[in-house]
> 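Below you will find the structure I want to go over with you.
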Amino acid sequence: MSSLNSTTPSQPPSFLLLGIPGLEKEQFWIAFPFCIMYAIAVLGNIILLIAIKTESSLHEPMYLFLAMLAFTDLVLSTSMLPKMLTIFWWGSGEIGFVSCLVQLFFVHTFTAVESGVLMAMALDRYFAICYPLRHSSILSMPMVTALGNLVLLRGVLMVSPMCFLLHRKDFCQHRVISHSYCEHMAVVKLVCEDTRVNAIYCFLVAIAVATFDITVIVLSYTMILTAVLRLSSCNTLHKAFNTCVSHICVILPFYVSALFTYLNHRFGHSIPQHIHILVANLYLLVPPTLNPIIYGMRTKQLRDKIVVLFQRKGI
């Protein structure tokens, strides 16, 4: 019996999320802009999904990848914002051990999925601009579906071991997480055992995903820029630039905030903790809020279809 107890991991029944340490009084008011951004993200991405689903003319690779991005944004923001708002407004920071691991899984999995979808969208623009005659045959419906499934499978396979490793660890009596959601390294800090494997694995996953996806995105847009500058038609040149600018406006907020969050984790020990947590929260909230706005405003075909959709509904 004693040997059985010694091999059973000691896990707390629940954790206590603090929200934004150092801004306990201010976070009540911080919740209001966060709630507005979340409402915009949910409404905007649902409208995008409905428009793309109901309009057959939007059943093209670019818009199908955009639908994947909208779905990812919905899952990503919903996995952490509702709980975060209950912490900010009602001080309800308690979260069960399993619920914490589930939140951790969804946040990190769909962060990886979002990066993969952005990479797929860059590839789509590369084939559309550099190989327009072969675009539909290269990125056929089965290929788009396969890419989407691969991106999702990659996220699941890479993040699942993080949760598995945490589930097998012994946790200390201290169960307070100095964060607004169950972020991996914040939970790892509560483990009483050696966590070097957890830290190294998390580092390798982040580097692998970011390096591969950013390399593909940079190469795609470098070749797109080279091809676009050779175009003789001003109208075609303007259309290609306009499409690419929309994608770049979506990519930059995601990767810039991700880079800041990562560098702050590794080297930003002098940066106040509340700044780090605010940026980490915005990193998961700003892209889902901005993406439907950017595509809805800058993509004429999509904007026109959304207007038609509202007219049908009598809004």
> Would Val107 and Leu284 count as a side chain to side chain contact (heavy atoms under 4.5 Å, CB included) if you check the C-alpha gap in whole Å, the side-chain angles of each, and the deciding distance to 0.1 Å?
CA-CA 8 Å; Val107 167; Leu284 297 180; 3.7 Å; yes
> Please check: side-chain N/O of Glu193 versus main-chain N/O of Lys169, any donor-acceptor pairing under 3.5 Å?
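No, Glu193 side chain to Lys169 backbone: no donor-acceptor pair under 3.5 Å.
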> Can the ring centroids of Trp89 and Phe32 be said to lie less than 6.0 angstrom from one another?
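Yes; Phe32 has its ring centre under 6.0 Å from that of Trp89.
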> Kindly say whether Ile129 contributes a backbone atom to a donor-acceptor pair with the side chain of His135 at under 3.5 angstrom?
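No; judged by distance alone, with no hydrogens or angles, the pair does not exist.
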> Anything under 30° is parallel, anything over 60° is perpendicular, the rest tilted; go ahead and classify His167 against Phe97.
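Ring orientation of His167 relative to Phe97: tilted.
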> Under the 3.5 angstrom rule, does the side chain of Ser180 hit a backbone N or O of Gly19 as a donor-acceptor pair?
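Checking the backbone N and O of Gly19 against the side chain of Ser180, a donor-acceptor pair under 3.5 Å is found.
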> Between the side chain of Ser137 and the main-chain N/O of Arg134, is any donor-acceptor distance below 3.5 Å?
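Between the backbone of Arg134 and the side chain of Ser137 there is a qualifying donor-acceptor contact (under 3.5 Å).
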> Verify, without hydrogens or angle tests, whether His59 (side chain) and Ile52 (backbone) share a donor-acceptor contact under 3.5 angstrom.
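Such a contact is found between His59 side chain and Ile52 backbone.
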> Do Leu302 and Leu48 have side chains that get closer than 4.5 Å, going by heavy atoms?
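Touching, per the 4.5 Å side-chain cut-off.
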> Going by the rule side-chain contact (heavy atoms from CB on, under 4.5 Å), which residues pair with Ala41 if we only count those two or more places apart in sequence or in a different chain?
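With sequence neighbours excluded, Ala41 shows a side-chain contact (heavy atoms from CB on, under 4.5 Å) to Asn45, Pro288, Thr289, given in chain and number order.
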> Just to verify, what does Ile95 make a side-chain contact (heavy atoms from CB on, under 4.5 Å) with, not counting sequence neighbours?
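Phe15, Leu17, Lys83, Ser99, Cys100, Gln103, Cys182.
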> Would the distance check show the side chain of Ser79 and the main-chain N or O of Leu76 forming a donor-acceptor pair, the cut-off being under 3.5 Å?
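Checking the backbone N and O of Leu76 against the side chain of Ser79, a donor-acceptor pair under 3.5 Å is found.
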> Quick check on the 6.0 Å ring-centre criterion: do Tyr221 and Tyr126 meet it?
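No.
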> Can a salt bridge be assigned to the pair Asp213 and Arg154 using a cut-off of 4.0 Å between side-chain N and carboxylate O?
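Looking at Asp213 and Arg154, the cut-off is met.
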> Contact between His276 and His179 at the side-chain level, heavy atoms closer than 4.5 Å - yes or no?
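The answer is yes; the side chains approach within 4.5 Å.
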> Between the side chain of Glu60 and the main-chain N/O of Tyr63, is any donor-acceptor distance below 3.5 Å?
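Absent.
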> Set out, in order, the CA-CA distance, both residues' side-chain angles and the distance that settles side chain to side chain contact (heavy atoms under 4.5 Å, CB included) for Leu85 and Trp90, then state yes or no.
CA-CA 8 Å; Leu85 293 177; Trp90 297 290; 5.6 Å; no
> Between Val216 and Leu123, is there a side-chain heavy-atom distance shorter than 4.5 Å?
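Yes. Closest side-chain heavy atoms under 4.5 Å.
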> Taking Asn291 for the side chain and Pro287 for the main chain, is one N or O donor matched with an acceptor at less than 3.5 Å?
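Flag set: sc Asn291 to bb Pro287 pair under 3.5 Å.
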> Atom CE of residue position Met223 - does it have more than 12 heavy atoms of other residues, nucleotides or ligands inside 6.0 Å?
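Yes, CE of Met223 has more than 12 neighbouring heavy atoms, counting only those of other groups under 6.0 Å.
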